[in-house]
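Here is the structure we will look at.
Numbers here simply count residues along the sequence, with the first being 1. Computed from heavy atoms alone, side chains included, the values below leave out hydrogens, waters and symmetry copies.
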Amino acid sequence: QAIGGVNEKIEGFFALCKSRGLTGDQGIVIPKSNVADLQLSPEVAQAIKDGMFHVYAVDHVSQGMEILTGVPYQTIKDKAQKRLDEIGKALTVASKGK
């Protein structure tokens, strides 16, 4: 779903990254539906062209999770499900002990 103030949010985060030192690893994830709204400053646009800042446009949160973690989304889901199952079993055992 589109977000409001996308240009201001990107430029604000870019300014923070720049003040801390651009490394080429920083970037931002936005909804793909906002791409048409982008009107970034020449400085931000140049940093993107130079590979010093990144804007990742995604269709689904799963894509954002993969970008942020470097782990396939299915792996994240499987690990989360396994942990929830473990917690559920522990709660069942604990409730039987009362």
Side-chain angles (χ1 to χ4, degrees):
Q1 190 165 22
I3 57 171
V6 68
N7 294 301
E8 292 81 2
K9 290 173 180 168
I10 293 171
E11 291 182 355
F13 185 63
F14 174 81
L16 175 67
C17 293
K18 183 180 171 192
S19 72
R20 292 183 177 176
L22 287 175
T23 65
D25 293 329
Q26 298 109 326
I28 193 162
V29 177
I30 64 168
K32 194 172 274 186
S33 55
N34 278 109
V35 171
D37 302 323
L38 292 180
Q39 295 182 355
L40 300 172
S41 71
E43 180 183 21
V44 174
Q46 189 63 51
I48 292 168
K49 286 179 189 174
D50 293 343
M52 294 302 293
F53 190 75
H54 308 277
V55 176
Y56 302 97
V58 301
D59 286 314
H60 190 267
V61 69
S62 61
Q63 295 167 316
M65 295 287 291
E66 289 183 3
I67 291 166
L68 294 172
T69 65
V71 177
Y73 182 65
Q74 189 61 49
T75 301
I76 296 168
K77 280 181 54 178
D78 292 345
K79 285 183 178 183
Q81 187 60 58
K82 181 180 178 190
R83 183 65 180 131
L84 289 171
D85 291 344
E86 291 170 356
I87 293 169
K89 287 177 187 174
L91 289 173
T92 299
V93 169
S95 69
K96 289 181 182 178
K98 289 185 179 185

Which heavy atom of [X] sits nearest a heavy atom of [Y], and at what distance?
X     : Y     : answer
Ala57 : Val35 : CB-CG2, 3.5 Å
Gly24 : His54 : O-NE2, 2.7 Å
Gly27 : Phe13 : O-CE2, 3.2 Å
Met52 : Thr23 : CE-C, 3.9 Å
Glu11 : Gln39 : OE2-O, 4.0 Å

Practice prompt. Tell me, with the steps shown, if Leu38 and Ile30 meet side-chain contact (heavy atoms from CB on, under 4.5 Å).
Written response: CA-CA 10 Å; Leu38 292 180; Ile30 64 168; 4.1 Å; yes
Item to complete: Using the rule that two of Ile, Leu, Val, Met, Phe, Trp, Tyr join whenever any of their side-chain heavy atoms come within less than 4.5 Å, decide whether Ile3 and Leu16 are in one cluster.
Response: yes
Worksheet item: Is it the case that one hydrophobic cluster holds both Val55 and Leu22, taking links as side-chain heavy atoms less than 4.5 Å apart, direct or via other members?
Response: yes
Separation between [atom1] of [X] and [atom2] of [Y], rounded to the nearest 0.5 Å:
X     : Y     : atom1 : atom2 : value
Gln1  : Asn34 : CD    : CG    : 10.0 Å
Phe14 : Ile28 : CZ    : CD1   : 12.0 Å
Leu84 : Lys77 : CG    : NZ    : 12.5 Å
Leu40 : Ile10 : CG    : CD1   : 5.0 Å
Tyr56 : Gln63 : OH    : CD    : 13.0 Å

Worksheet item: Would you say Met65 has more than 12 foreign heavy atoms packed within less than 6.0 Å of its CE?
Response: no
Item to complete: Would you list the pairs meeting salt bridge (charged side-chain N to carboxylate O under 4.0 Å, His left out) in which at least one residue belongs to residues 79-90, sequence neighbours left out?
Response: Arg83-Glu86
Response to the item:
salt bridge (charged side-chain N to carboxylate O under 4.0 Å, His left out) pairs touching residues 30-51, sequence neighbours excluded, are Lys18-Glu43, Lys32-Asp59
Worksheet, complete the sentence: Glu8 meets the side-chain contact (heavy atoms from CB on, under 4.5 Å) criterion, sequence neighbours left out, with none
